[in-house]
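Input: a single structure, listed below in C-alpha cells.
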Amino acid sequence: MGLSLNIDVSARSFYEPILVSEFVVKHFRRSNLSKPLSDQDRIKVKKALKGVRVRLIYMDYAKTCKIIGVSRDPISQLTFPLDDKRTNVSVVKYFREKYNVVLKYPSLPALQSGSEARPVYLPMELCSIVEGQRYTKKLNEQQVRSLLRATCQRPNIREGNITKMVQVNNFEVEELVTKEFGMHVRKELALINAQVLNPPVLKYHDSGRDKIVNPSCGQWNMINKKMVNWGKVDFWSCVNFSSEYWNMSEEFCAELVNMCNNKGMVFCQTPSIAMRSACADRIDQILMDVYKESAGLNKPLQLLIIILPDQTGSYGKIKRICETELGIVSQCCKPVQAAKFSNQYFENVALKINAKVGGRNTVLNDAILRRIPLVTDVPTIIFGADVTHPPPGEDSSSSIAAVVASMDWPEVTKYRGIVSAQTHRMEIIQDLYKQTKDPQKGLVEGGMVRELLVAFFKSTRQKPSRIIFYRGGVSEGQFSQVLLYEMDAIWKACSSLQEGYMPRVTFVVVQKRHHTRLFPTDRNKTDGSGNILPGDKQGHTLPRFV
C-alpha cells in the first residue's frame with residue numbers, strides 16, 4: 001500500500017481550573033472543609049496536586065506557583081519568619097493584615113511552594129489551578145466513566161470528524177508536503193477489501209433444548225440452554241453492604257441459586273453460614289468474620305456472594321481481601337442491578353459463578369470435532385501474557401506481570417493465571433523461567449511458563465506439542481528485545497522439564513493502540529452502533545480505513 005497517513009481523535013483528562021479547596025471537595029468527596037484532614041487524606045491530596053501550577057487570586061497581578069507539597073499541620077498552626085528573620089508571624093494573621101483576607105478554612109493544610117528548605121505557604125482557598133494542565137494520575141472509576149461518556153462516538157460521527165480534520169489541514173496547499181517532499185495526501189479515506197469471518201458455532205450441554213448455537217451479530221443468550229460442564233457449590237453465603245437494599249439478600253440469593261441450578265449447576269439451596277447485612281465502613285471486619293466462621297465449622301466457603309455498597313469504589317478493596325488475603329472466591333453484584341430481579345441478569349451472574357467454581361459454560365463445536373487448524377490437530381497450549389505498569393507519578397511501585405495458559409485440550413476454554421511483581425516499569429517479563437539456589441536441594445528450576453506447562457500436563461496427561469504465545473503491550477521499539485529474552489525463557493522452561501523437549505512456538509505480539517479505524521461503506525451492513533459486523537455470512541464487504 002505504501003506510505004499511509006493515520007489520523008484519529010484522541011482524548012486527554014486535564015485539571016479543572018477551579019480553586020484548590022473546590023478541587024479537594026470534588027476529588028475527595030469532602031463536604032465539610034472545616035474539619036482537619038487525616039494524615040491519609042493529606043497524603044492523597046499531596047499526591048494529586050504535586051507538580052501542579054496554581055494562580056494566586058489574592059495578588060494584584062497574575063502570579064503562578066508550582067506546588068511541591070502540602071504542610072503536615074493545618075494552616076492555623078503555621079508560622080514563618082518575616083523579612084527581618086527575627087520575628088515569626090502566623091500565616092492566618094499575615095493574610096489578614098497584608099491582604100485583608102480572613103481565611104475561611106484554617107483547618108486545611110497549606111500548599112507548599114518554593115523549596116523544602118524555605119517553603120512558601122499558600123492557602124488552598126486562595127489558589128486557583130492554572131488551566132490547560134494534563135492530569136497524569138490514575139483516574140478513579142467515576143472519572144473513567146465520565147471520560148468514556150464524553151468521548152465515545154458512533155462510527156459515522158468519528159468518520160466525519162476525521163474527514164473534517166483532513167479538509168481543515170488541507171495538506172495539498174502545504175509547500176513542505178507538496179514541493180519539498182513531493183507528496184500528495186488524498187482527501188478520501190482509503191478503500192480496502194476485507195473478509196468477514198463466520199462466527200464460531202457454540203456447543204452447550206445435550207440435556208438442554210438448544211445444544212448448538214450460531215451467534216448473530218456477536219450475540220446470543222442462555223434461553224433453553226444448559227452449561228456444558230457443571231460447577232458444584234456446597235458451601236456458600238452472602239453479605240449485603242447496600243444500605244438502600246439491605247433486606248433483599250434472601251430473596252435475591254434464592255432466585256440466583258434457582259437460576260444456577262436451572263442452567264445445570266449443582267448449587268446447594270441453603271447457605272452454609274447465615275447471610276448478613278453490614279455497613280460499608282466495616283468491610284474488612286465483616287469479611288474476616290465470615291472467613292473465621294466458615295473455617296470454624298470446617299466448611300470453607302466455595303463462594304461468597306457480595307452485594308456491593310451503594311457508593312462505588314469498594315469493589316477493588318473487596319476483591320483484594322477475598323481473593324488475595326482470605327482465599328475466598330467472590331461474586332460481586334451491584335445493588336441497583338440486583339434489585340431489578342431480571343432473569344437476564346441472573347443468567348449472566350450464573351455464567352460467571354459457574355466459571356469461577358470450575359465449570360465450563362460453553363465450548364467451540366469445531367474444537368470438539370477437532371476442526372480448528374493449528375490447535376486441535378496436536379496437543380496445544382495457548383498462553384497470554386502482559387505487563388501492567390504503575391500510573392505516572394508512582395515512582396516506586398512494582399510492575400505486575402501476568403501470564404495465563406489453557407488447561408484443557410482440544411477445548412482450550414479453561415485457563416489458569418499467575419502474577420508476579422517485577423522491577424518498576426520493566427516491560428520484559430522476568431519470571432517466565434528462573435533458577436534459584438536452595439541450600440538443601442541445590443539448583444531449583446521454576447518460573448511462570450514452567451509452572452503452567454506442568455499444570456497443563458497434570459490436567460490433560462499430555463505434553464503440549466505446540467505453544468501459541470500471545471504477548472500484549474509491547475511497543476515496536478521493544479520487539480526484538482522482548483522476543484529475544486522471552487523466547488529464550490520459553491525454550492529454557494521446556495528443556496528444563498525433559499531433555500530434548502522443544503515444542504514448536506508461535507510468538508504473537510498483539511497491539512491495540514494502533515489507532516487504525518475501520519468504517520463500513522454499506523451502512524446497511526452494520527451492527528446497532530454502526531460498526532462493522534462481527535462474524536456474519538456476508539462473504540465480503542468493503543470497509544474504509546484511515
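Residues: numbered from 1 along the sequence shown.
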Quiz item: Taking the inter-plane angle between the rings of F469 and F507 on a 0 to 90° scale, is it parallel (under 30°), tilted (30 to 60°) or perpendicular (over 60°)?
Solution: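 The rings of F469 and F507 lie parallel, inter-plane angle below 30°.
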Exercise. Classify the ring geometry between H27 and Y135 as parallel (under 30°), tilted (30 to 60°) or perpendicular (over 60°).
Key: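 Perpendicular, since the angle between the ring planes exceeds 60°.
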Exercise. For Q331 and L303, run side-chain contact (heavy atoms from CB on, under 4.5 Å): C-alpha distance rounded to whole Å, both residues' side-chain angles, the deciding distance at 0.1 Å, then the answer.
Key: CA-CA 7 Å; Q331 177 58 54; L303 179 72; 4.1 Å; yes
Exercise. Go through the steps to decide whether Y415 and F383 satisfy the test ring-ring contact (aromatic ring centres under 6.0 Å, His included), and finish with yes or no.
Key: CA-CA 9 Å; Y415 284 77; F383 283 87; 9.5 Å; no
Quiz item: Partners of Y433 by ring pair (Phe, Tyr, Trp, His ring centres under 6.0 Å), sequence neighbours excluded?
Solution: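 Checked Y433 against ring pair (Phe, Tyr, Trp, His ring centres under 6.0 Å); zero matches.
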Quiz item: Which residues satisfy the ring pair (Phe, Tyr, Trp, His ring centres under 6.0 Å) test with F241, sequence neighbours excluded?
Solution: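 None.
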Quiz item: Is the backbone N or O of D210 less than 3.5 Å from a side-chain atom of N224, with the two atoms forming a donor-acceptor pair by type?
Solution: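 The answer is no, because no donor-acceptor pair under 3.5 Å joins these two groups.
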Quiz item: So, R466 side chain and L374 main chain: donor-acceptor pair closer than 3.5 Å or not?
Solution: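 Present.
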Practice problem: Please examine the side chains of C322 and L287, heavy atoms only from C-beta on, and report whether any two atoms are closer than 4.5 Å. | Solution: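 Of all side-chain heavy-atom pairs linking C322 with L287, at least one is under 4.5 Å.
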Quiz item: Are R370 and T376 linked by a side-chain donor-acceptor pair shorter than 3.5 Å?
Solution: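 No, because no side-chain N or O of R370 sits under 3.5 Å from a partner of the opposite role on T376.
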Quiz prompt | NZ-CD1 distance between K317 and I283, expressed to the nearest 0.5 angstrom | solution =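 One gets 5.0 Å once the value is rounded to the nearest 0.5 Å.
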Would one find more than 12 heavy atoms of other residues, nucleotides or ligands at under 6.0 Å from atom [atom1] of [X]?
{"X": "E131", "atom1": "CD", "answer": "no"}
{"X": "K211", "atom1": "NZ", "answer": "yes"}
{"X": "Q311", "atom1": "CD", "answer": "no"}

Quiz item: Is the cationic atom of K44 (NZ for Lys, CZ for Arg) positioned less than 6.0 Å from the six-membered ring centroid of F28 and within 45 degrees of its normal?
Solution: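 No, K44 and F28 do not form such a contact.
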Quiz prompt | D408/K414 salt bridge by N-O under 4.0 Å criterion | solution =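 No.
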Practice problem: Provide the full list of salt bridge (charged side-chain N to carboxylate O under 4.0 Å, His left out) pairs with a residue in residues 477-489, sequence neighbours left out, each pair given once. | Solution: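 Qualifying pairs: R471-E486, D488-K492.
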Practice problem: Compute the centroid of each ring, for W409 and then for F456, and state whether the two points are separated by less than 6.0 Å. | Solution: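 No, too far apart.
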